[in-house]
Engineer: 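I have a structure here, written as structure tokens, and I will follow up with some questions on it.
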2 protein chains.
Amino acid sequence: MALEHAILVSLLEQPGSGYELARRFERSIGYFWTATHQQIYRVLKRMESDGWIDVREVPQQARPDKKEYSVAAPGRTALSRWLHEPIEPESVRHELAVKIRGAAFDDPVALIREVERHRQEHTDRLARYLAGERRDFTGPDAPATPDAGQELQHVVLRGGIAYERMTLAWLDDVLDTLHRLGPGD
Amino acid sequence: MALEHAILVSLLEQPGSGYELARRFERSIGYFWTATHQQIYRVLKRMESDGWIDVREVPQQARPDKKEYSVAAPGRTALSRWLHEPIEPESVRHELAVKIRGAAFDDPVALIREVERHRQEHTDRLARYLAGERRDFTGPDAPATPDAGQELQHVVLRGGIAYERMTLAWLDDVLDTLHRLGPGD
DNA sequence: TCCTGCTATGCAACTCGTTGCATAAACAAG
DNA sequence: CTTGTTTATGCAACGAGTTGCATAGCAGGA
């Protein structure tokens, strides 16, 4: 399980509430890990009862109070232990690829609009990542001499950018193939 | 859920037993979907009781009997229906990226060996995919005029190859970054 | 005033996926 | 002749992840 460790990393970078974590998982953490707010709240409960994180009730004006979590010493120890364990190289789950191979037994051309929709979504993601990179790492407001944490965040973001670029190129390949199959088949 | 649909596609390409499906999921299907044999057997049971697939007991010599499954008409209909439904663009789960960002709070250099291990695994995967591509699509024994099914299998395989190449380049970027952080930090 | 939307948290039920274990037939190696 | 490996199937228990729903404070607009 890596969700608890992803939460530890995120809280070490910046303490926050379950709600804030959920939004980070939609944004920066989203390009290598996803989680819904229900999952996050449940895991936060467990981590708190295990003593991995501390809570602080924070009253707010103009919005409901929140519980701000921060990493406690046992949480740091648990993260460190996990960092030194080997993990399995990840394996992909790509539903669209299942559909593409399945299209051989249906109408390949009917898939074009779906692939174009995915292409649009990946175009948007790439634009978001590039905007984030300019804002935090390569733009004029970025730190001139980044520390280790920023270097590591940047290299992970470059991975997200590379993934989106690769995916866009592949989706173009898929579209070419589907178009070729249209008239000739 | 796409596992049942991945199984339908695989059985349409070639009928087979649960065991054979499990091995296909380790091989060709593995670069866009994974499943263990327990999962496959359970889903096959459900698909059979739903009338999506037919079973045939096949006695074998020199090894235990097997149940060969093939797609029935309702299964084809179900697949076709699913193919015309939109799906969410996939989201990634990359544990290694969590570790890389976590390394900022531990020892970045300690991660180098783990990253190198992953690099080796992706090198092996790429070699397997390229060998499969030569065997089935670009080598001398490949069909000169591939049909739609083969074209679609090939474009999905090209996606797997592109993914592995992109990942290898990124892991090199990660290794460079970790090495840079070593002496200077 | 009511409705919508955002922040903020949570329960309950369910499905999906993993892990550990078990069985059994056949062959190959020692 | 016992042990290990490959093929082949399966159960039981657990943990991870999703979906639907509920609550509640406050803001802004119709």
Side-chain angles (χ1 to χ4, degrees), chain A residues 1-7 11 15-27 29-30 32-50 53 55-69 82 85 87-95 98, chain B residues 1-7 11 15-27 29-30 32-50 53 55-69 82 85 87-95 98:
Chain A
M1 224 286 262
L3 176 55
E4 34 202 342
H5 302 106
I7 289 176
L11 289 180
S17 69
Y19 190 83
E20 284 162 350
L21 283 168
R23 289 204 301 171
R24 287 183 215 169
F25 273 82
E26 279 168 16
R27 291 178 65 262
I29 307 181
F32 60 91
W33 206 266
T34 53
T36 60
H37 78 272
Q38 291 88 343
Q39 230 182 311
I40 291 167
Y41 282 122
R42 196 199 297 154
V43 173
L44 281 173
K45 275 259 156 75
R46 189 175 62 223
M47 291 168 76
E48 195 204 329
S49 76
D50 290 349
I53 51 178
V55 204
R56 198 168 59 95
E57 287 274 346
V58 178
Q60 302 185 110
Q61 73 276 38
R63 57 185 67 176
D65 297 354
K66 66 174 179 179
K67 296 182 187 174
E68 195 184 75
Y69 293 93
W82 176 73
E85 278 167 20
I87 50 171
E88 285 298 298
E90 87 293 346
S91 42
V92 186
R93 287 269 167 100
H94 210 306
E95 241 179 315
V98 180
Chain B
M1 226 282 263
L3 176 55
E4 34 203 340
H5 302 106
I7 288 176
L11 289 179
S17 67
Y19 189 83
E20 284 162 351
L21 283 168
R23 288 204 301 170
R24 287 184 216 167
F25 273 82
E26 279 169 15
R27 291 178 66 262
I29 307 181
F32 59 91
W33 205 266
T34 54
T36 60
H37 77 270
Q38 291 89 342
Q39 229 182 312
I40 291 167
Y41 283 121
R42 197 198 296 155
V43 173
L44 281 173
K45 275 257 156 76
R46 189 175 63 222
M47 291 168 76
E48 195 204 329
S49 76
D50 290 350
I53 51 177
V55 205
R56 199 170 59 95
E57 286 273 347
V58 178
Q60 301 185 111
Q61 73 276 37
R63 57 185 67 177
D65 297 355
K66 66 174 179 178
K67 296 182 185 173
E68 195 184 75
Y69 293 94
W82 177 73
E85 279 168 19
I87 49 171
E88 285 297 299
E90 88 294 346
S91 43
V92 187
R93 288 268 166 100
H94 211 306
E95 242 179 315
V98 180

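Labels below follow one simple rule: chain letters A, B, ... track the order of the sequence lines, proteins then strands, and each chain is numbered from 1. Since the model is a prediction, treat every value here as computed from it, not as a measurement.
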Engineer: Looking at the base of C:dT18, is there any donor atom on it, or on the side chain of B:Arg42, that sits under 3.5 Å from an acceptor on the other one?
Structural biologist: yes
Engineer: Work out which heavy atom in B:Tyr41 is nearest to a heavy atom in B:Tyr19; give both atom names and the distance.
Structural biologist: OH-N, 3.5 Å
Engineer: Starting from C1' on D:dG10, measure out to CG on B:Leu21 and report it in whole angstrom.
Structural biologist: 15 Å
Engineer: Step through the shown structure and confirm whether more than 12 heavy atoms of other residues, nucleotides or ligands are within 6.0 Å of CD on B:Glu85.
Structural biologist: yes
Engineer: Looking at A:Ser17, does any N or O in its side chain come under 4.0 Å of the phosphate oxygens OP1/OP2 on C:dT9?
Structural biologist: yes
Engineer: Run the salt-bridge test on B:Glu4 and B:Arg46 with the 4.0 Å N-O cut-off and return the result as yes or no.
Structural biologist: yes
Engineer: Kindly point out which of D:dG10, C:dT19, D:dT18 is positioned nearest to the side chain of B:Thr36?
Structural biologist: C:dT19
Engineer: In whole angstrom, give the distance that lies between atom CD of B:Gln38 and atom P of C:dT23.
Structural biologist: 16 Å
Engineer: So, OP1 or OP2 of C:dT7: does either fall under 4.0 Å of a side-chain N or O from A:Arg23?
Structural biologist: yes
Engineer: Report yes if a side-chain nitrogen or oxygen of A:Lys67 is closer than 4.0 Å to either non-bridging phosphate oxygen (OP1 or OP2) of C:dT9; otherwise report no.
Structural biologist: no
Engineer: Apply the test side chain to side chain contact (heavy atoms under 4.5 Å, CB included) to residues A:Lys67 and A:Val58: give CA-CA distance (whole Å), side-chain angles for both, the deciding distance (0.1 Å), then the verdict.
Structural biologist: CA-CA 6 Å; A:Lys67 296 182 187 174; A:Val58 178; over 6 Å; no
Engineer: With a 4.0 Å cut-off on heavy atoms, is A:Glu20 in touch with a base, just the backbone sugar-phosphate, or nothing at all?
Structural biologist: nothing
Engineer: Nearest to the side chain of B:Pro64, which nucleotide is it out of D:dA8, D:dT18, C:dT9?
Structural biologist: D:dA8
Engineer: Using a cut-off of less than 4.0 Å, is there contact between a side-chain N or O of A:Tyr19 and OP1 or OP2 of C:dT7?
Structural biologist: yes
Engineer: Calculate the interatomic distance between B:Glu4 atom CD and C:dC16 atom P; express it in whole Å.
Structural biologist: 7 Å
Engineer: Start at the 5' end of DNA chain D and walk down; is the nucleotide closest to B:Tyr69 or to B:Arg93 reached first?
Structural biologist: B:Tyr69
Engineer: Could you state the atom-to-atom distance from CD of B:Gln39 to P of C:dT18 in whole Å?
Structural biologist: 5 Å
Engineer: Can you check the A:His37 NE2 to D:dT18 P distance for me, whole Å?
Structural biologist: 12 Å
Engineer: When all nucleic acid strands are considered with a 4.0 Å heavy-atom cut-off, which category describes A:Gln60: base, sugar-phosphate, or nothing?
Structural biologist: sugar-phosphate
Engineer: Any side-chain N or O of A:Tyr41 less than 4.0 Å from the OP1 or OP2 oxygen of C:dG10?
Structural biologist: no
Engineer: Between atom CZ in B:Arg56 and atom P in D:dA8, what is the gap in whole Å?
Structural biologist: 14 Å
Engineer: Can you check whether A:Ser17's main-chain N or O pairs, donor with acceptor, with A:Glu20's side chain at less than 3.5 Å?
Structural biologist: yes
Engineer: Over how many whole Å does the gap from B:Glu95 atom CD to D:dA16 atom P extend?
Structural biologist: 12 Å
Engineer: Figure out the CD1/C1' separation between B:Ile40 and C:dC16, and round it to whole Å.
Structural biologist: 14 Å
Engineer: So, is B:Arg46 near the phosphate of C:dC16, with a side-chain N or O under 4.0 Å from OP1 or OP2?
Structural biologist: yes
